[in-house]
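Quantities reported herein were computed from a predicted structural model and do not represent experimental measurements. Throughout, residue positions are numbered sequentially from 1 according to the sequence presented. When reading the values below, keep in mind they use all heavy atoms of this one structure, side chains included, and skip hydrogens, waters and symmetry mates.
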Amino acid sequence: MIQNSVKIHDNFSLEIKSIYENTSKRKKTKYDTITYLFIPNGLNINNQTYPKTKFYNDVKVYIRYNASEYTLEEIINLKTGPLNLFIKSVKKIVKEKSTKKNILDFEAKVKLLGAILNNSLKLQTHYFKFQKLADLQLSNQIFFNQLKEILHIYRTQIPIIENSSLDENIKNIIKLGDEYLSNISNYYTIQLLEHFKKISTEKSDLKIIIQFIKEEQEYRKTQNFDTSKDDDYYDETLLHKRSQLKKYIDGVLFLTRDVRKDGAFVEQSVFAIAAGLAMVFSTGIAFYYQQVYGNFTLPFFIALVVGYMFKDRIKASIGLLFISKASSFFYDYKIKIKDLQNNLIGITKENFVFVPFEKLGPKVKKHRVKDGYLDADYDFYGEQIIQYKRKIEIYPKKFGQEISDNRLKSLVDITRISFNRFITQMDDPKKSYSILKKGKIINRVGNKIYHINVIQKFYSEQGIEFKRYRIIMNRKGIKRVENIALDVI
């Protein structure tokens, strides 16, 4: 099963987030995805101006584990939960020698607790936002008590580490974890407060939220979490610090990508065979004319030159023929997904190509034509269509071996596509036009926009699924993303 979402990452980048779940009873689960980008011809994006090297420069891919789902109660009580595993790692690193293995295990447990609590708070916050007002008070009371207990238990371990003879770098790890837990607790509780205020919740029901935020902010002051330079007017140091801390904690879930060209061995083999065939042809001509005209004659010399010319062209022609046909058999890149201990978690393959509208499948054509935009865009101006194909194969039994989390069951694939190159041929974002109203000509200024349509096709063991989005953008960047409802075919 694939959970997919598309959103704006920044002014010029689109973020496609896909969650690949372990749905197969076999040792591996397979997925295939095809993303079609329909680009107006006026933007001058085609296979001459936008080769695959530029496309892959504009695409950034992150692959990580999807954080396991725990309730706050499970985090507190489960012996195999992240909080208790963290406590065990503290005892282990204090009592035993601080070997590299123990240090890495301790650091992983700190990070894992932070990542899982962040996911739990996100899910719980989302849950509260859709509850009836009558359920809020009791639920909030339990929620905040449990959150306080998690923070308290974690913070009781800090003096144990600080009073030990461990290296300062190790002591700093638990402090970074404390700051991160405080950051996410603050963030989600403020979200809740803002939401409940918007829906006009009684002030008495908000007391526990406000009290928690105040207590946590006081604690943050005592730990100097939010201190920054006096001249940091725009809080850039503070925001950068929080961003780096988030990347540090989330790093426990991220996987490495070993990128290699797909079919490299076959390609070199074909080139070698081409060189051999060309050499056979050239040598054959040389032997024949040598027998007929003998050595050191003008005809023999001419034959050698002609043979070399054909030899070079034969080798190049076979190479070009292989390259033109290779996309039918091979992908552009083959990526091995590995964890921090170099265990192979999965394999993905990527392929980029421009395709004509006529070569699209009937369902893709029908989904693109829906709502009538194609009649104008395609018939009069045309569109260039990028096909970005990916093949995913994951090995769920190897999930989480290096961080001892047996609840990991899915991977998150985050693909960011930059449209920065697309804006170079766009018109100014504001266009003036005139209308006649009550006998008078009125001059107005309107927004000049472009539509980039995205259709995604997903193959999984459950079947084939389609999704479509419309990217509305102008020269200043992406304005919005519209989710287009598709007809059931």
Side-chain angles (χ1 to χ4, degrees), residues 1-20 31 33-43 45 50 54-64 66 122 125-126 129-130 191 350 352 355 357 360 363-378 381 383-390 412-431 446-458 464-488:
M1 181 179 177
I2 301 177
Q3 298 178 38
N4 187 77
S5 62
V6 175
K7 67 177 184 179
I8 299 172
H9 173 65
D10 57 41
N11 280 351
F12 301 101
S13 296
L14 192 71
E15 180 176 289
I16 302 173
K17 183 177 180 181
S18 301
I19 300 177
Y20 302 108
Y31 295 98
T33 67
I34 303 177
T35 301
Y36 296 98
L37 300 177
F38 296 82
I39 305 164
N41 256 347
L43 301 186
I45 299 294
Y50 197 62
K54 288 186 177 181
F55 174 78
Y56 284 115
N57 281 337
D58 291 341
V59 171
K60 185 182 289 186
V61 179
Y62 301 93
I63 296 182
R64 62 174 174 83
N66 190 24
K122 179 173 68 175
T125 302
H126 183 267
K129 288 181 178 180
F130 291 92
Q191 271 199 350
E350 301 177 341
F352 161 87
V355 294
F357 184 79
L360 299 178
K363 291 184 179 180
V364 176
K365 288 180 182 178
K366 185 171 182 178
H367 290 321
R368 175 61 189 97
V369 174
K370 178 180 169 62
D371 74 18
Y373 278 110
L374 189 60
D375 294 339
D377 294 346
Y378 189 78
Y381 301 104
E383 288 181 323
Q384 295 295 320
I385 305 169
I386 289 176
Q387 176 185 278
Y388 178 45
K389 185 162 59 173
R390 301 187 68 191
V412 178
D413 181 308
I414 301 173
T415 303
R416 291 174 185 163
I417 303 177
S418 172
F419 291 152
N420 199 46
R421 298 182 199 267
F422 292 19
I423 67 170
T424 56
Q425 300 292 327
M426 288 185 179
D427 292 339
D428 290 335
K430 298 291 184 182
K431 283 284 184 179
N447 294 325
K448 172 65 176 177
I449 60 170
Y450 295 82
H451 290 178
I452 297 176
N453 285 276
V454 178
I455 292 179
Q456 291 184 289
K457 187 177 183 180
F458 304 99
I464 300 176
E465 183 182 0
F466 291 88
K467 289 191 176 182
R468 180 183 166 189
Y469 304 90
R470 184 184 296 123
I471 316 302
I472 313 296
M473 67 181 300
N474 60 18
R475 198 165 187 171
K476 289 186 176 181
I478 301 173
K479 296 173 69 67
R480 64 185 180 275
V481 176
E482 296 177 353
N483 190 348
I484 309 298
L486 299 178
D487 299 327
V488 178

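- Closest approach of Ile423 to Asn474, counting heavy atoms only: CG2-O, 4.1 Å.
- Partners of Ser18 according to the side chain to side chain donor-acceptor pair (under 3.5 Å) rule, which considers only residues two or more places apart in sequence or in another chain, are Asn4.
- Residues Ile455 and Val364 approach most closely at CD1-O, 3.8 Å, considering heavy atoms.
- The residue from Thr415, Thr35, Thr33 that alone fulfils the side-chain hydrogen bond (donor to acceptor under 3.5 Å, both in side chains) condition with Arg390 is Thr415.
- To the nearest 0.5 Å, atoms NZ (Lys467) and CG (Asn483) are separated by 7.5 Å.
- For the pair Ile16 and Gln456, the minimum side-chain heavy-atom distance is below 4.5 Å.
- Considering only residues two or more places apart in sequence or on other chains, Lys457 meets the side chain to side chain donor-acceptor pair (under 3.5 Å) condition with Tyr459.
- Looking at heavy atoms from C-beta onward, Asn453 lies in side-chain contact with Arg468 at the 4.5 angstrom threshold.
- For Tyr469, there are no ring-ring contact (aromatic ring centres under 6.0 Å, His included) partners, not counting sequence neighbours.
- Tyr50 has its ring centre less than 6.0 Å from the ring centre of Phe422.
- Inter-residue side-chain proximity for Leu360 and Ile385 is flagged as met; some heavy-atom pair is nearer than 4.5 Å.
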Show the numbers, then the answer: is there a side chain to side chain contact (heavy atoms under 4.5 Å, CB included) between Glu350 and Val59?
CA-CA 11 Å; Glu350 301 177 341; Val59 171; 5.8 Å; no
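- Contact record, Arg470 with Ile484: NH1-CD1, 3.5 Å, taken as the closest heavy-atom pair.
- Separating the OG atom in Ser418 from the CG atom in Asn57 is a distance of 10.0 Å, to the nearest 0.5 Å.
- In this structure, the side chain to side chain donor-acceptor pair (under 3.5 Å) partners of Gln384, at least two apart in sequence or on a different chain, are Asn41.
- Partners of Tyr62 by ring-ring contact (aromatic ring centres under 6.0 Å, His included), not counting sequence neighbours: none found.
- Taking the side chain to side chain contact (heavy atoms under 4.5 Å, CB included) definition, one finds that Ile449 meets it with Asn447, His451, Ile472, Lys479, sequence neighbours left out.
- For Glu465, there are no salt bridge (charged side-chain N to carboxylate O under 4.0 Å, His left out) partners, not counting sequence neighbours.
- Remark: Glu15 CD to Lys60 NZ distance equals 11.0 Å, nearest 0.5 Å.
- Nearest heavy atom pair, residue Pro40 against residue Ile452, reads CD-CG1, 4.3 Å.
- Each of Tyr36, Phe352, Phe55 was evaluated against Tyr388; a single residue qualifies, Phe55, per the ring-ring contact (aromatic ring centres under 6.0 Å, His included) test.
- Partners of Ser5 under the side chain to side chain contact (heavy atoms under 4.5 Å, CB included) rule, at least two apart in sequence or in another chain, are Lys17.
- In this structure, Arg368 is positioned above the aromatic face of Phe38, its NZ or CZ under 6.0 Å from the six-membered ring centre and within 45° of the axis.
- With sequence neighbours left out, the ring-ring contact (aromatic ring centres under 6.0 Å, His included) criterion links Phe466 to His367.
- One distance of note links CD1 of Ile417 with CG of Leu37; it measures 5.0 Å at 0.5 Å rounding.
- Pairs engaging residues 420-429 under the side-chain hydrogen bond (donor to acceptor under 3.5 Å, both in side chains) rule: Asp58-Arg421 [sequence neighbours left out].
- Residues that satisfy the salt bridge (charged side-chain N to carboxylate O under 4.0 Å, His left out) test with Arg64, not counting sequence neighbours, are absent from this structure.
- When all heavy atoms of Ile8 and Arg480 are compared, the closest pair comes out as CD1-CA, 3.8 Å.
- Looking at every heavy atom in both residues, Leu14 comes nearest to Ile478 through N-CD1, 4.2 Å.
- Looking at Ile34 and Gln387, their side chains come closer than 4.5 Å, going by heavy atoms from C-beta outward.
- Remark: side-chain polar atoms of Arg475 are paired, donor with acceptor, to backbone N or O of Met426 under 3.5 angstrom.
- Qualifying salt bridge (charged side-chain N to carboxylate O under 4.0 Å, His left out) partners for Lys431, counting only residues two or more places apart in sequence or in other chains: none.
- Two residues are said to be in side-chain contact when any heavy atoms from C-beta on lie closer than 4.5 Å; Gln3 and Asn66 fail this criterion.
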